[in-house]
Amino acid sequence: MPYAYDPQNVFARILRGEIPCKTVLETEHSLAFHDIAAQAPVHVLVIPRGPYVNHDHFALDASADEIVDFTRAVAKVCAALGVSPGEGGAGYRLIANSGPDSHQEVPHLHVHVLAGRALGRMLTPVG
Ligand code: AMP
């Protein structure tokens, strides 16, 4: 089933300049900005400029140029924030919530870059 993209989602509005954001990085196909409700000392969102609902939509439908740009934008953000392990940083966690079980709230692909403290185990066990 093809993905239906909602052009009124909050990140589409940020991309159109209708809502402000605290920009970290801009590239041809990607934008990175600080999360409005940071859950770690570093909490940045990286989004593609194209209308992709989630990671699998993007991975299957985006052009190679968009995918390379986006993947490298995430790495550039980590380097700019000083958290890349390859450059002496203490590391980071990437999260890309996709679909209802993941609790995705904004239906435009975004990668959360979380860093700045020890982040603990990946998931809190339930049940
Ligand atoms: P998710 O639950 O993975 O869809 O995450 C959506 C994220 O978008 C949350 O961490 C929100 O705090 C963040 N968010 C929502 N609106 C804005 C906004 N206007 N500017 C920056 N971040 C936002």
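Because only heavy atoms are used, hydrogens play no part in the values below, and waters and symmetry mates are left out as well, while side chains stay in. Order of appearance sets the numbers: ligands from 1, and atoms from 1 within every ligand.
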Going by distance alone, is a donor N or O of one side chain under 3.5 Å from an acceptor N or O of the other, for D35 and H43? yes

What do you reckon, are the aromatic ring centroids of F11 and Y52 less than 6.0 Å apart? no

Taking E26 first and then R49, would you say they form a salt bridge - that is, a charged N and a carboxylate O separated by under 4.0 Å? yes

Does one side chain, of D61 or Y3, offer a donor that lies under 3.5 Å from an acceptor on the other? no

Full working for ring-ring contact (aromatic ring centres under 6.0 Å, His included) between H108 and H110: CA-CA 6 Å; H108 181 115; H110 48 285; 8.0 Å; no

In chain-and-number order, ligand 1 lies under 4.0 Å from a heavy atom of each of V10, F11, I14, F33, H34, D35, I36, A37, L45, N97, H103, Q104, E105, V106, H110, H112

Testing the 3.5 Å rule here: is there a donor-acceptor pair between the side chains of Y5 and H57? no

